[in-house]
2 protein chains.
Amino acid sequence: MALEHAILVSLLEKPGSGYELARRFDRSIGYFWTATHQQIYRVLKRMEGDGWIDVREMPQQTRPDKKEYSVTALGRAALSQWLHEPIELESVRHDLAVKIRGAAFDDPAALIREVERHHQAHTDRLTHYLAGEWRDFTGPGAPGTPDAGRELQHVVLRGGIAYERMTLAWLDDVLVTLRRLGPAR
Amino acid sequence: MALEHAILVSLLEKPGSGYELARRFDRSIGYFWTATHQQIYRVLKRMEGDGWIDVREMPQQTRPDKKEYSVTALGRAALSQWLHEPIELESVRHDLAVKIRGAAFDDPAALIREVERHHQAHTDRLTHYLAGEWRDFTGPGAPGTPDAGRELQHVVLRGGIAYERMTLAWLDDVLVTLRRLGPAR
DNA sequence: GGACACATGTAAACGGTTACATGATTGT
DNA sequence: ACAATCATGTAACCGTTTACATGTGTCC
């Protein structure tokens, strides 16, 4: 489990509320971790109980009050300890690959639309990542000062970009294969 | 959930026991889906109850008796229905990326060994996939007859190979970045 | 005698998803 | 009036992981 650690990293980068964390998990952190607000609120409670994070009630006039969380020394130590532990390789779960192999027992051509839909979604993601890279790292508005944190954020984003490009190339390969098999059936 | 469907596909490709399925999930199917034997036995029970699969008791002299499962017409129909439903994009969970961003608040250089370890593991996987590709698809011993099932298995394997190659290139990028940051600290 | 591959299971704990619930403010 | 955004939560369910449990045959 690394949701707690992902939250620690995110709060160290910038303290914030559960709601804000949920939005970050939809955006920048979303290309290597996902979490819903329900999960986040639950884990925040536990982390607070463990003394990993502190809460400050932030009354707001125009919007509902919020709780701003920040990482304690204990939380930092917990993160540090985790960073020094070896972790398992990710295990892949690719439904689409199951479908593709399953298509051998159905109509391969019926999958073409589904694959095209995924292709479009990955194209959108890639566009979104590239816009973020331009905005935060490679564009003229991005700060030119070198900073370890930014460098590390950038290399993770480059990983997301590489993943989307690889996936798009593979989906092209899949489409060629399905179209070749389709009419022959 | 697609474990049931992954099992259907695997049993359609070749009927077998729970134990055999578990081994397939460690090998060929492992590059797009993982499952332990505990999970598989439980799901097999449920699928049998739903009439998706049939069991045949297979007494064996030299080894413990096993149950051989095969897919029924109802199971085939269930697979077909699932194939025609749209599925969600995969959500990514990449612990290593969390660690890399977390390294900004610890020692980036301490991560180098961990990343090298992952690099080695992905190299091993790639070698294994390439050996499988040569054995089953591109080598001289592979059957030359065109077959939809084999074509689809091959395109999925090419996806696994592309994933490993992309990951290795990215891990190289990560190592360069970490080594650049390390001594500066 | 000990390790390993074959073969099947149960039970507890944990994590993630989905549905439900509330309430204020801002914009159309 | 309605939808969207901000903001926090509870409860039920489901799937996955980990630990435990048992037993045979083969090989060193």
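So you know, we letter chains A, B, ... as the sequences are listed, proteins then strands, and number each from 1.
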Original post:
Would you say A:Tyr41 reaches D:dG9's phosphate, i.e. side-chain N/O to OP1/OP2 under 4.0 Å?
Top reply: no
Subject >> Bend angle of the helix from C:dG1-D:dC28 to C:dT28-D:dA1, from helix axes over five pairs at each end, nearest 10° >> reply: 30°
Subject >> Neighbour count >12 (heavy atoms, 6.0 Å) for atom NE2, A:His119 >> reply: yes
Original post:
Do other residues, nucleotides or ligands put more than 12 heavy atoms under 6.0 Å from the CD atom of A:Glu88?
Top reply: no
Original post:
Which whole-number value in Å describes the distance from A:Leu21 CG to D:dT8 C1'?
Top reply: 13 Å
Original post:
Please give, in whole Å, the distance from C:dT8 C1' to B:Lys67 NZ?
Top reply: 7 Å
Subject >> N or O in side chain of A:Lys45 less than 4.0 angstrom from D:dT8 OP1/OP2 >> reply: no
**OP:** Taking A:Thr127 for its side chain and A:Thr123 for its backbone only, find out whether a donor-acceptor pair lies under 3.5 Å.
**Re:** yes
Show which side-chain atoms of residues 91-105 of chain B pair as donor or acceptor with protein atoms under 3.5 Å away, not counting sequence neighbours.
from: B:Arg93; atom 1: NE; to: A:Thr34; atom 2: O; distance (Å): 3.4
from: B:Arg93; atom 1: NE; to: A:Thr34; atom 2: OG1; distance (Å): 3.4
from: B:Arg93; atom 1: NH2; to: A:Thr34; atom 2: O; distance (Å): 2.9
from: B:Arg93; atom 1: NH2; to: A:Thr34; atom 2: OG1; distance (Å): 3.1
from: B:Lys99; atom 1: NZ; to: A:Trp82; atom 2: O; distance (Å): 3.4
from: B:Lys99; atom 1: NZ; to: A:Leu83; atom 2: O; distance (Å): 3.4
from: B:Lys99; atom 1: NZ; to: A:Glu85; atom 2: O; distance (Å): 2.3
from: B:Lys99; atom 1: NZ; to: B:Glu114; atom 2: OE2; distance (Å): 3.2
from: B:Arg101; atom 1: NE; to: A:Glu13; atom 2: OE2; distance (Å): 3.1
from: B:Arg101; atom 1: NH2; to: A:Glu13; atom 2: OE1; distance (Å): 2.7

Subject >> Side-chain donor/acceptor of B:Ser17 to backbone N/O of B:Glu68, under 3.5 Å >> reply: no
Original post:
Could you state the CG-P distance from A:Asp26 to D:dT5, rounded to the nearest angstrom?
Top reply: 12 Å
Subject >> Nucleotide C:dG16, atom P - distance to CD of B:Glu88 in whole Å >> reply: 17 Å
Original post:
Would you find a donor on one side and an acceptor on the other, under 3.5 Å apart, between the side chain of A:Thr167 and the backbone of A:Tyr163?
Top reply: yes
Subject >> Euclidean distance, atom CD of residue B:Glu68 to atom P of C:dC6 [Å, nearest integer] >> reply: 16 Å
Original post:
Is it true that a side-chain atom of A:Ser70 and a backbone atom of A:Pro15 form a donor plus acceptor pair closer than 3.5 Å?
Top reply: no
Original post:
Considering residues, nucleotides and ligands other than B:Arg117, do more than 12 of their heavy atoms fall under 6.0 Å from its CZ?
Top reply: yes
Subject >> Any B:Tyr19 side-chain nitrogen or oxygen under 4.0 Å from OP1 or OP2 of C:dC6 >> reply: yes
Subject >> Integer-rounded Å distance: C:dT8 C1' and B:Arg23 CZ >> reply: 15 Å
**OP:** Provide, to the nearest angstrom, the distance between the CZ atom belonging to A:Arg46 and the P atom belonging to D:dG9.
**Re:** 15 Å
Subject >> side-chain hydrogen bond (donor to acceptor under 3.5 Å, both in side chains), paired with A:His154, selected from A:Arg150, A:Arg158, A:Glu151 >> reply: A:Arg158
**OP:** Assign a letter to each nucleotide of nucleotides 16-28 of chain D from its 5' end: B, base within under 4.0 Å of a protein heavy atom; S, sugar-phosphate only; -, no contact.
**Re:** BBBB---B-SS--
Original post:
What integer distance in Å separates B:Asp95:CG from C:dG15:P?
Top reply: 13 Å
Original post:
Within the structure, does a side-chain N or O atom of A:Ser17 lie under 4.0 Å from either OP1 or OP2 of D:dC6?
Top reply: no
